[in-house]
Each structure stands twice: as structure tokens, then as C-alpha cells.
Amino acid sequence: MQTILYMMPTVLTIAGVDSGGGAGIAADIKTFAALGVHGTCVVTSVTAQNTKGVLNSFDIPAGFIEEQFNAVISDIRIDYAKTGMLSSPDIVRATAGLIREYRLPLVIDPVMAAEAGGALLMDEAVGVLIDELLPLAAVVTPNIPEAERLSGFKIKDINDVKRAAEKIHDLGAGAVIVTGGHLEGTDVLYANGEFTYILGELVKGGTHGSGCTHSAALTAELAKGAPLIEAARSAKRFVEQAILTSVQIGGGAAPVNQLGHTLAEAERYRAIKSVEEAVELIENNKGFSELIPEVGCNIAMGIPNASSISDVAAVSGRIIRLKGSPRAVGCVLLGASSHVARIVLTAMKADSSMKAAMNIRYSEEALSACKELGLRAESFSREFEPEGVSTMEWGVAEAITKAGRVPDVIYDTGDIGKEPMIRLLEKDAVEIARRALEISGAMMRKLV
């Protein structure tokens with residue numbers, strides 16, 4: 001059998017180092033990894049930088065920049081390159097000479113200032129960038145202030161953006177994407193004499209490193225063979241997700257989180273798999289049937305930081321008693337159960353680690369078994385339920401308040417037309433299934 005080797009695209013970033021890890025080469029490498037390309041790098045400058053701004057910087061000598069580049073290019077195939085911080089005229093000239101010599105397809109991110117504050121491009125280097133590097137670019141990705149500097153035009157509206165993009169193209173760039181973080185979130189792409197609007201929205205979150213991340217994502221997609229418009233749209237979506245999942249790590253501008261969306265997807269998968277494993281445990285234990293209420297039961301698990309029902313995995317139908325054995329009706333999906341999901345979401349507000357919940361049939365024997373196992377139980381009464389509220393949210397919150405923490409067990413004795421119920425809470429769906437089976441086992445031992 002012939003082995004087929006997967007050739008991972010390889011890209012090169014020529015940029016500065018942000019000691020705070022939010023922008024520059026750090027942002028580029030994280031973006032490349034998240035998008036499935038291998039990242040290499042040439043360091044042009046080292047900054048003393050944090051979330052509040054650039055405190056100082058040290059430029060790498062042009063000769064050593066060339067040594068780094070030659071070390072990479074002599075051994076590793078480069079499918080696409082991008083530039084970021086090129087602070088001095090000498091660094092711009094050295095970079096332009098290397099790109100020209102090796103004819104690498106190039107994305108230019110014309111970095112001029114840090115998001116948190118601080119100049120990253122000398123005034124005297126701007127002209128060199130325009131004259132020597134810009135004509136080598138397949139794509140250049142200025143934001144509004146950078147587009148103003150490169151074109152010489154003041155930008156106030158979308159027509160000014162288009163005029164600036166045409167001017168930058170006339171300076172030699174193959175294509176221009178004026179990013180829209182400063183203009184209601186829409187990017188303007190100019191290529192082959194045509195304008196394309198890359199629609200987006202201004203999302204809430206930290207934006208430190210957003211420009212680096214966008215250009216790195218564009219580079220990665222182009223390296224994988226995507227057409228320019230498709231690559232621009234993918235890069236736009238990627239940076240929006242990175243901003244949405246940003247994390248405040250200091251006292252200034254929060255850096256974007258290039259792996260936030262990927263990690264969230266991994267957590268969604270983990271929640272689904274945990275619930276599936278829990279269901280399998282339950283279905284393989286016939287004795288659990290005694291714990292299934294008349295309305296059926298369900299088991300749910302939320303992802304970390306779950307904020308809506310769509311962040312909680314559960315059985316799409318219910319777990320019912322079928323021929324004396326427990327059987328799940330439906331598959332495990334995110335957003336499948338508003339009832340048990342609300343228990344999870346309410347518990348997580350009080351203790352973010354309590355991500356799983358399950359409802360089982362109420363009986364004095366079951367409640368006694370819970371207490372025998374050392375589980376902390378708390379109750380609420382539907383009699384005092386206010387009008388216009390969700391029973392699960394109110395009842396669970398009420399029990400948590402009474403207990404002073406999230407208890408292991410929350411129960412109520414029902415009301416007219418409302419079946420009494422026990423709810424189990426745990427950190428993981430598999431653990432909660434095991435706990436339910438322990439309760440079932442304790443009840444059976446009492447019957448023997």
C-alpha cells in the first residue's frame with residue numbers, strides 16, 4: 001500500500017517581536033498554526049512592549065536579518081511570505097532585496113504603529129517601503145491610518161477608501177485590502193480594476209494584534225491555494241473570531257485570541273463525546289430504569305464559559321424506559337435540551353466548574369440514597385415560584401442561594417400538574433452518570 005505524504009504549506013513572516021505576545025511574530029505564528037500551515041520567521045526588531053504600549057525597541061542589524069532569511073530559505077520551501085514591522089530604511093531595503101532575489105509571493109502588512117500605542121515605522125522608512133517593497137507585493141493590507149499615509153489622501157468615507165486603494169495599487173501593489181476596523185467593519189478589496197466589499201462587523205473584544213492576525217490569516221489562506229477574494233473573506237472571519245474570544249491579560253488593549261475559536265470547537269466536541277459516553281453507561285445498566293421519571297430524563301454538559309443553550313450538549317429527545325431498560329431517544333447535540341441546559345447554565349453562573357446536570361425520578365428512597373452516599377442536597381418549593389420566570393433557572397438559583405454553593409443534588413416535591421424531580425449536578429457528564437448509577441445501586445441494595 002502506497003503512503004501518501006501530506007505536504008503542509010509553509011509560510012515566512014518577516015516582522016518584529018512583541019514581548020507581550022499579542023502582536024508581531026507571536027500573532028503570526030499562532031495564526032499560522034491555527035490555520036494549518038507551518039510558520040517560519042525572520043526577526044527584524046525586538047520591542048519592549050506590553051498591552052499599554054511600546055516602551056522601547058531594538059532593531060536587528062540588516063546583515064543578521066539576511067542571515068536568518070538565508071538559513072530558512074536554504075532548507076525550507078516557502079509558499080508565501082508576509083512582512084510586518086520593518087522599522088528602518090535599512091531593514092526595508094534588506095527585506096525588499098531578499099524578496100526580489102527569491103521571488104517570493106508577498107503580503108505586506110504596512111505596520112506603522114502599535115494598537116496599544118507607539119510608533120513602529122520611522123518616517124524616513126515610509127518612502128523606501130513605497131518605492132522598493134510595495135511593487136513586490138501580491139497584496140498589501142493597510143488599515144485606514146496606514147492607507148492615508150501610503151496614498152497621501154485623507155479618508156473620511158468609503159469613496160475615499162476606494163480612491164486610496166487605487167492610489168496604493170498604482171504605486172505597484174498587485175492588490176490592496178483596506179481593512180475596516182476604523183470604518184464600520186467592512187474591508188475594501190481592490191484587484192484587477194474591481195472593488196469587492198468584504199463584509200463584516202465591528203465585534204466587541206480586544207484588538208491588539210488584529211492587523212497582524214488578519215494579514216497572517218490572509219497569507220496562510222493564499223499559501224493553501226485559496227483565490228484572493230475567498231482568502232480575504234476567510235481572513236476577515238478569522239480575525240473577528242479572534243477578537244470575540246480575546247482575553248484581558250493586562251491593563252491595556254487585550255490581544256486577540258487566534259486559537260479561541262479552535263479551542264471552543266474542541267470543547268464543544270468534548271462536551272458531546274462526554275454526554276455520549278454517559279448515555280452509553282446508562283443504557284448498559286438496566287437498574288437505572290427505576291430512576292427514569294414519567295417525563296423521561298436527560299443529561300447535559302456545557303462547554304467552559306457557556307452562555308446559551310447552544311453551548312450545552314444533551315440528548316435531542318429523552319432517555320426513556322423501553323422494555324424495562326433505559327434507552328436514549330435521539331442523538332447528542334448542542335442546544336438539544338432547554339430544560340436541563342438551563343440547570344447547567346444557572347449552576348455555572350455560581351460555579352463555572354459545575355458544567356453537567358441530569359434529572360432523575362424523585363422518591364424518598366432515591367433521596368435517602370443520595371444522602372447515604374454523602375451528597376449535599378438542597379430543595380426549592382414550586383409553591384413560591386414567582387410568575388413569569390423559568391422554573392429551572394429560578395428553582396436552581398434558589399437552591400444554590402440556600403446552600404451557599406452549588407449542591408450535588410437539587411430536588412423539589414412537585415406541584416399540581418408538575419412531577420417531583422431530583423437533579424444531579426457535577427463537573428462532567430460521565431461523572432454524573434456514574435453518580436446516578438451509584439444511587440441506583442444503593443437503592444437496589446436496600447431492596448435485597
Side-chain angles (χ1 to χ4, degrees), residues 5-17 24-33 35-46 59-111 120-121 125-142 150 168-169 171-177 191 211-228 231-232 235:
L5 296 177
Y6 170 67
M7 297 298 290
M8 177 181 285
T10 304
V11 293
L12 170 67
T13 174
I14 307 170
V17 172
I25 283 175
D28 293 342
I29 295 295
K30 285 184 279 188
T31 300
F32 297 153
L35 292 173
V37 302
H38 178 76
T40 62
C41 66
V42 169
V43 178
T44 60
S45 300
V46 179
D59 289 342
I60 304 299
F64 191 66
I65 289 173
E66 292 176 358
E67 286 189 55
Q68 292 178 75
F69 184 96
N70 290 329
V72 173
I73 203 76
S74 66
D75 180 51
I76 302 169
R77 182 200 73 256
I78 300 299
D79 296 297
Y80 236 95
K82 69 150 286 192
T83 61
M85 179 185 178
L86 307 173
S87 61
S88 72
D90 287 347
I91 291 175
V92 176
R93 288 193 187 95
T95 301
L98 294 166
I99 295 296
R100 189 184 300 111
E101 179 181 354
Y102 290 95
R103 299 181 181 180
L104 295 180
L106 178 67
V107 172
I108 294 177
D109 178 10
V111 176
L120 299 175
L121 182 68
V126 176
V128 182
L129 188 148
I130 291 172
D131 293 339
E132 298 195 27
L133 192 62
L134 207 58
L136 304 177
V139 193
V140 60
T141 63
L150 293 174
I168 296 168
H169 175 267
L171 293 171
V176 182
I177 301 174
C212 304
T213 299
H214 173 268
S215 57
L218 180 72
T219 305
E221 294 298 338
L222 291 171
K224 291 190 288 187
L228 178 56

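All values below come from the heavy atoms of this structure, side chains included, with hydrogens, waters and symmetry mates left out.
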Report the distance from atom CD1 of I14 to atom OG1 of T40, rounding to the nearest 0.5 Å. 8.5 Å
Which donor-acceptor pairs under 3.5 Å do the side chains of residues 89-106 make with protein atoms, sequence neighbours left out?
unit_1, atom_1, unit_2, atom_2, d
T95, OG1, I91, O, 2.9

Would you name the heavy atoms of F32 and G39 that are closest together and state the gap between them? CD1-CA, 3.6 Å
side-chain contact (heavy atoms from CB on, under 4.5 Å) evaluation trace for L121 with V111: CA-CA 7 Å; L121 182 68; V111 176; over 6 Å; no
Quick check for you: to the nearest 0.5 Å, what is the distance between I177 atom CD1 and L218 atom CG? 4.5 Å
Approximate separation, where rounding is to 0.5 Å, of I73 CD1 and Q68 CD: 13.5 Å
Atom pair NE2/CG of H38 and L12 - distance to nearest 0.5 Å: 10.0 Å
Quick check: do L150 and I130 have side-chain heavy atoms less than 4.5 Å from each other? yes
How would you list, by chain and number, every residue that makes a side chain to side chain contact (heavy atoms under 4.5 Å, CB included) with R77, sequence neighbours excluded? M7, T10, D79
Would you say that L222 contacts V11 through its side chain, given a criterion of any heavy-atom pair below 4.5 Å between the two side chains? no
State, yes or no, whether a side-chain contact exists between I60 and T44 at a heavy-atom distance under 4.5 Å. no
In this structure, which one of D28, T141, T13 forms a side-chain hydrogen bond (donor to acceptor under 3.5 Å, both in side chains) with K82? D28
Shortest non-hydrogen pair, H169 vs G174, comes out as CD2-O, 3.4 Å
For residues A231 and E221, report the shortest heavy-atom separation together with the two atoms involved. CB-CB, 3.7 Å
Looking only at heavy atoms, the pair that brings L133 and T83 closest together is CD2-OG1, 4.2 Å
Find the distance between CG (D109) and OG1 (T213) and round it off to the nearest 0.5 Å. 9.5 Å
Under 3.5 Å, side chain of K224 to main-chain N/O of L35, donor-acceptor pair present? yes
